[in-house]
Amino acid sequence: MPIRIEKSQLTTLRIFIVEDSPSDRSTYTRWIRRTAPSRLDIQEMETGAQAWEACKISPPHCLLVDDQLPDMTGLEFLAKVRGPHSQSKGPIIFLTGYGNEEIAAQAIKLGAQEYFNKNTLSEKFLWHHMEQAIEQCITIPRIRSLERQSSIILQSSSDGILVVGHDGLIRFSNPAAEQLFQKTSEHLTGSPFGFPVAANQTMEIEIMSEPGRPTPVEMRVVPIEWDGEPAFLATLRDVTEQRRAEDERRRHEIERQYSQKLESLGVLAGGIAHDFNNLLMTIVARSGLALRSLPPDAPAREHLDFIEKAGLRGGELANQMLAFAGQTRLDFQVINISNLLGEMAPFLRATLSKRSTFEYDLAPSLPPIRADQAQLRQIIMNIVVNASESFGEEDGVISIRTFDWEPTTENFQSWYVIGELPYSRGVALTIQDTGCGMASDTIPKIFDPFFSTKLPGRGLGLAALLGLAQAHAASIAVRSQPDVGTEFTLLFPATTRSPSTKKGPVFSIPTQHASPTKKPMVLVVDDEEDVRVACSMIFEEMGLQTLVASDGQIGIQVFQQHQQEIMVVLLDLTMPNMDGQQFLEHIQGLNATIPVILSSGYSEEEAMKRFHNPNMAAFIQKPYQVETLIAKVEEIRQKQTTSSNNPGL
């Protein structure tokens, strides 16, 4: 069936009829006009020279050329039109009045598409062959262009492309596929693919491009026809970077969720520690008061002393919870961590099991870091104790090393990391043991409160490190292997600056002119009744009169009635209805110089974050001993006495 020339392909079909016979030219023109569907521009020419000049001006889409022309033979005209200087690329149909196979062969060799004897021509026959010749001239270059473009796409594609026959053998491979398999096209072609393929399938496979190093590849398969036979086109995409990015995103998501969990636990721990300290306050104060009321040889003193100490140890546990919550007051100083470890070495040897052998590699010229020395000692001690316990009944080595860290030297990709690594130079502390170690999925749990791989959980343990590390802007990296050991690395930002020594506000104690017949008054504002009662008993023992209020609103009323007699206010931070901050703002409006002792279950640093008024005479953290509170109040009373005796000061 002939292929029709679409109007979109050619708007006007230009045809040259080169024939010395006017009647033949007229006949061919009439036949073509009756059968051709396209718009036509038919030009009749008698000589080869006329046709040659016309071809140079406007090349035709098809030429009908007679073998015998007045000025040259048809073969000579073919040689000119198909020569190197000709722009005419249209098909040529060669016509002769007699059959001659030798002339036909020469015509085809010179570039004619068809060769016909004039005596065999008919209207439909002529147009049919002209149409086919024109279509071939249009279509073949397009096909070749598409083939070139397809080849470029296949050769330059970053995805590997294979053609796999139904027998499982590779028929074709592009350079990207050869790169994936690390084999040449010659080696791949004809070899077994090695993976099951099915139409419209997407799956992930692993290609062993190098021994021991599989490459994850996403494979998509579609059915095609290749060399006249059904086959499969397999597209192979290296997803190594994609998987690495997914693993990195997954790791960051796990770290984010873990950080959120720790943050929630921190808030919970801080709140529990605050309330727990209020309860311990009553225990410690009452036991202290009882001890002060008993003679030295009273049998009950031993029991009360034990109760008081147990309450204070409970306070230490509460402070550990505050450290876990990041609510511990830190006294930052510029220190050299290598020097600190050198000072701690004798203590560590004396404290830990004799089965532990210490090895030190301390860099002598490290940049300083900004840290709380006491808390940094606690961090080191917690990790070292954990390392020592990992030895069990065996001997082991604890290696402690410090070094100058740069982001380019170690990226901790294979470590479990909490916190952001420093962006610039830092100081690294590594503590490594040869203990029992642990599996990689256990490492994230070691920072959970009360978690232990050895004994039942009995404390915050390593969990307390998180708040302290966060307060020091330090990151923690851990790696471990069962039966090999565990390694902790803490990264601190280096500093060259001394910590700011911000002085506290100067508080002036006013001269009190209370009546000598009346006891000085202390106002206790606290929402815990047991705390109010215990403090009242302490102040009564001191010879002071106590006024109490369960919240800020009641406290204001009491203060307004007795502000001339009140010597000092003992104020709780957190209360219902009106908290300590609001209460203080009200009473300072009445008496700006009244001494106030702020009391809280939170640490001083955390309390001052919540309490936006720096004009405190003192701070006392619950639970406190009777003697501690007495000392604070006596200090204020002594200043008042001094101020009264020296009114000019």
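Numbers here are sequence positions counted from 1.
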(message) Heavy-atom count check: over 12 atoms from other residues, nucleotides or ligands less than 6.0 Å from Phe306 CZ?
(response) no
(request) Compare all side-chain heavy atoms of Ile380 with those of Asn382 and state whether any distance is below 4.5 angstrom. (result) no
(request) For the pair Arg243 and Glu246, find out whether any cationic side-chain nitrogen is under 4.0 Å from an anionic carboxylate oxygen. (result) yes
(message) With a 3.5 Å distance limit and no angle check, can you tell me whether Asp433 reaches the backbone of Ile398 through a side-chain donor-acceptor pair?
(response) no
(request) Could you tell me whether Glu541 and Arg292 have a side-chain N and a carboxylate O separated by less than 4.0 Å? (result) yes
(request) Answer yes or no: are there more than 12 heavy-atom neighbours, outside Glu248 itself, under 6.0 Å from its atom CD? (result) yes
(message) Assess whether a salt bridge exists between Arg532 and Asp526, defined as any Lys/Arg side-chain N lying under 4.0 Å from an Asp/Glu carboxylate O.
(response) no
(message) For Arg244, is there an ion pair with Glu241 - N to carboxylate O distance below 4.0 angstrom?
(response) yes
(message) I'd like to check Thr240 versus Val217 (side-chain heavy atoms, cut-off strictly below 4.5 Å). Are they in contact?
(response) no
(message) Restricting to non-hydrogen atoms, name the atom on Asp579 and the atom on Leu573 that form the minimum distance, rounded to 0.1 Å.
(response) CB-O, 3.6 Å
(request) Decide, yes or no, whether a salt bridge links Glu487 with Arg401 under the criterion of side-chain N to carboxylate O below 4.0 Å. (result) no
(message) Show the nearest heavy-atom pair for residues Ile538 and Leu629, with the distance to one decimal.
(response) CD1-CD2, 4.0 Å
(message) Any carboxylate oxygen within less than 4.0 angstrom of a Lys/Arg side-chain nitrogen, looking at Lys622 and Asp572?
(response) yes
(message) Please determine whether salt bridge (Lys or Arg N to Asp or Glu O under 4.0 Å) holds for the pair Arg637 and Glu634, giving the CA-CA distance in whole Å, both sets of side-chain angles, and the decisive distance to 0.1 Å.
(response) CA-CA 5 Å; Arg637 184 152 63 172; Glu634 285 292 353; 2.9 Å; yes
